[in-house]
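Because the structure is a prediction, the values reported are computed rather than measured.
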Amino acid sequence: MSFAEFVHMGGHGLYVWLAYGSTIAVVVALWLSTRASGQRVRKELKMGLKRQSKV
Amino acid sequence: MSTPPLLSANKLRCERDMRVLFKDLSFSVGAGECVELLGPNGSGKSTLLRALAGLYPDVEGEVSVAASMYVGHRNGLNVLLTPRENLQWYAGITGVGVTGIDAVLQRVGLYGFEDSACQRLSQGQQRRAGLAVLLLVDRPLWLLDEPLNALDTQGQALINDLLNEHCAANGAVFCATHQPLGEIATRSIVLGGG
Amino acid sequence: MTIKELWHRLGSPRWFYQMMGPWGTGLGVAAALLLITGTLWGLIIAPPDYQQGNSFRIIYVHVPTALVCQSAYIMMGVAGFLFLVWRMKLADMVVKVTVPFGMVMTALGLFTGSVWGAPTWGTWWEWDARTTSMLVLLFLYFGLYALRQAIPRAESAGRACALLALVGVINIPIIKYSVDWWLTLHQPATFTLTEAPSMPAEMWLPLLVNVIGVYCLMGAVVISSLRTEILRRECNTSWVREELMGEPA
Amino acid sequence: MRSAIAGQVISQVVREWRTIARAPIDVANPLMFFFLGISLFAIGTGGEREGLAEIGPAVIWVLVLLANLLSLDTLFKRDHADGTLEQLLLLAQPVFVPVLGKVIVHWCFTGVMMTLLTPLSALVMNLTLDQTWILMLTLILGTPSLSLIGAIGAALTVGLRSGGVLLALVVLPLYLPVLIFGVSAAYLAGDGLAVTAQLYWLGAIAVLALTLAPFAVTQALAISVEQT
């Protein structure tokens with residue numbers, strides 16, 4: 001099964017790749033945003049605590 | 001004070017919008033006492049009162065409150081109805097009889113205004129009608145939030161009489177106020193700047 | 001660890017924060033592995049459907065998201081009940097944290113469903129019973145999200161959303177039944193998406209792998225967002241200070 | 001105990017009735033909106049009679065839903081503003097009884113009113129007599145659950161600034177089953193088919209709402225009151 005046929009998906013390529021692409025994009029984005037918000041909140045809290053300890 | 005206190009609070013703590021309003025606050029109000037709660041604006045007076053009345057649940061610490069009657073900044077009156085109709089509603093939902101309504105309205109100085117819609121009464125008169133509920137629904141503990149504002153001198157005299165009578169009849173009053181109540185307050189608690 | 005002890009432990013966010021750390025990463029890794037194998041398996045190895053050809057492969061992404069967004073709402077309903085009745089702070093955080101995840105998954109499920117409908121039914125949007133009840137579920141998620149934003153105080157917002165989640169979860173079966181009954185009665189029962197004809201093993205195995213993978217993903221996302229939320233809410237406690245300061249990461 | 005509860009309900013109903021009598025506009029608005037909507041649809045389809053009969057039941061039911069939604073504000077907004085809602089929560093034992101009284105009065109002035117006016121709206125929509133009769137039956141069975149479920153949404157959003165749109169977003173998805181069974185019954189009646197299943201479902205939803213909703217409303221009111 002050559003790569004071109006694989007992409008063509010027997011005529012339904014557009015739909016299959018649209019669905020899979022969007023799912024992969026959303027799942028990866030979800031994972032990244034969860035990690036990012038975790039780190040951002042931890043950084044903010046650490047800064048807050050540092051400021052408190054200085055006062 | 002042989003009878004158990006009508007209101008006892010132990011180590012109350014309240015944090016609101018990341019600011020500690022009060023902490024380790026303990027006090028008790030026995031029968032016959034009239035305690036005034038003083039403190040600048042935003043020091044948590046209203047929040048404490050509403051918590052004691054059971055309207056605000058986010059206060060930590062143990063509280064034991066006898067059957068209480070809370071009157072807040074708002075009068076608790078439907079302005080479309082007349083004072084009499086409002087009191088009839090109060091009597092209905094609490095199950096007390098409607099017979100005492102006329103006497104109560106006269107006691108707070110609303111003789112002749114019983115059947116005019118509250119929206120046509122003056123601010124002071126509406127405040128008196130709001131206080132009339134205290135006399136109609138007879139409960140031992142009164143939780144009052146700024147009862148004196150929007151009241152003229154006779155109104156303030158009326159408040160003093162009502163408080164004295166209530167304390168004399170073994171009731172208790174816990175009242176948040178700007179101007180100190182003066183001599184009728186047996187004790188006062190001041191909420192700090194927070 | 002008896003149930004009673006677990007229940008007591010769950011009451012303290014600190015225990016959850018420390019205990020669930022490894023669970024969060026573990027589920028995350030499991031989700032990644034399962035989803036990658038399931039997707040590749042469904043894309044390459046699984047045979048095409050005799051009727052729909054390759055567009056049938058969309059089932060491997062559509063069905064898992066459709067299932068997980070409904071289970072997420074039911075989880076919120078249960079958490080809402082726990083918060084309202086037993087005042088478990090953790091349950092409030094679960095409701096708050098699951099709404100964005102559920103909303104994203106429902107939107108994704110709707111999108112993949114309509115993409116699948118295009119070659120199968122010839123239209124991008126078909127008022128089929130399943131797509132409609134998923135659309136209603138999306139509105140229920142919007143309702144929860146909007147209510148959370150509309151109430152300034154965190155504690156009141158928590159209680160209000162817990163109550164709405166509970167009311168919503170009671171209504172989901174009724175909505176589902178009435179939509180299924182009305183829309184399938186309304187137009188002849190076309191090829192139903194989820195109850196596909198009895199599929200041969202090599203067709204539904206990747207589907208099962210993906211479904212488990214998506215549930216692991218939900219576990220991972222919810223747990224890690226929960227741990228962040230716990231830090232945010234307990235920020236002025238000593239254990240959080242020690243947790244943040246001690247851990248230089 | 002029984003007389004106390006009866007006393008509560010009567011005093012609440014009397015109070016609501018007086019409030020509405022003093023400010024009838026709160027109740028009249030949704031009804032005006034209902035007929036305005038119907039005439040908009042009629043004009044929109046160019047008054048062409050077959051088209052109207054085709055969409056008639058669906059239009060009437062959707063407008064009943066929206067009119068009910070508009071009228072939900074009158075349930076708690078006034079009491080929340082003037083402090084009587086707090087007093088109700090503090091003084092009434094049990095609280096859900098007067099709350100139920102309020103919802104019943106609200107239903108009388110929205111659901112029942114629109115049901116009684118159905119012959120008029122059915123006339124405008126050129127529906128058959130059979131359809132009108134079934135439409136009224138479904139409305140009288142369906143509108144109680146609209147008011148009850150709507151009361152939960154109203155109680156949740158009573159103190160909020162963005163109350164209106166939020167109320168619609170929260171409540172309309174929950175109205176869907178009632179709409180579906182109501183509209184489908186009217187259409188089936190139009191074809192002369194049996195509609196007992198739909199009526200049973202509408203009745204079941206109404207009973208479920210009647211038993212569960214008052215407690216949810218009371219809990220929601222407690223949440224709204226704590227925010228002021």
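For a residue to count as touching a neighbouring chain, one of its non-hydrogen atoms must lie under 4.5 Å from one of that chain's; by this rule C:Leu135 does not touch chain D. For D:Ile205, the part lying near chain C is the side chain, with the backbone staying farther off; criterion is any non-hydrogen pair under 4.5 Å. Both the backbone and the side chain of C:Arg159 come within contact range of chain D, with heavy atoms under 4.5 Å apart. Using a 4.5 Å cut-off between heavy atoms, D:Leu172 does not touch chain C at all. If you measure heavy-atom distances from C:Leu163 to chain D, the contacts under 4.5 Å come from the side chain alone.
The shortest side-chain heavy-atom distance between D:Trp107 and D:Asn68 does not fall under the 4.5 Å cut-off. Side-chain contact check for D:His106 versus D:Glu16: every heavy-atom pair is 4.5 Å or farther apart.
Under the 4.0 Å criterion applied to side-chain N and carboxylate O atoms, C:Glu234 and C:Lys89 are assigned as salt-bridge partners. Of the charged side-chain nitrogens involved, none lies within less than 4.0 Å of a carboxylate oxygen, so that D:Lys77 and D:Asp82 do not count as a salt-bridged pair.
Atom OH of C:Tyr215 has more than 12 neighbouring heavy atoms from other residues, nucleotides or ligands inside a 6.0 Å radius. No more than 12 heavy atoms of other residues, nucleotides or ligands lie within 6.0 Å of CZ in C:Phe139, so this atom counts as exposed by the packing criterion. Annotation for C:Phe81: atom CZ does not count as buried by contact number, only 12 or fewer foreign heavy atoms lying within 6.0 Å.
Across D:Val170, D:Val165, D:Leu160, the residue that shares the most heavy-atom pairs under 4.5 angstrom with chain C is D:Leu160. Ranked by heavy-atom pairs shorter than 4.5 Å toward chain C, the options D:Leu208, D:Ile223, D:Val171 are led by D:Ile223. Top candidate by heavy-atom pairs under 4.5 Å with chain C, chosen from D:Ile180, D:Val183, D:Leu212, is D:Ile180. Heavy-atom pairs under 4.5 Å with chain D were tallied for C:Ala146, C:Ser178, C:Gly143; the largest tally goes to C:Ser178. Note: C:Asn171 leads C:Leu166, C:Asn171, C:Ile170, C:Leu144 in heavy-atom pairs under 4.5 Å with chain D. Contacts with chain C were tallied for D:Ala213, D:Ala204, D:Pro177; D:Pro177 has the most, counting heavy-atom pairs under 4.5 Å.
In this structure, C:Tyr17 contributes its side chain and C:Val240 its backbone to no donor-acceptor pair below 3.5 Å.
By a heavy-atom distance cut of under 4.5 Å, D:Ile152, D:Leu156, D:Thr157 are the residues of residues 136-157 of chain D near chain C, going up by number.
Distance check, rounded to the nearest 0.5 Å: SG of C:Cys69 to CG of C:Leu137 gives 5.0 Å. One finds the CG atom of D:Asp79 at 3.5 Å from the OG1 atom of D:Thr84 (value rounded to the nearest 0.5 Å).
For C:Trp182 and D:Phe181, the ring centers are positioned 6.0 Å apart or more.
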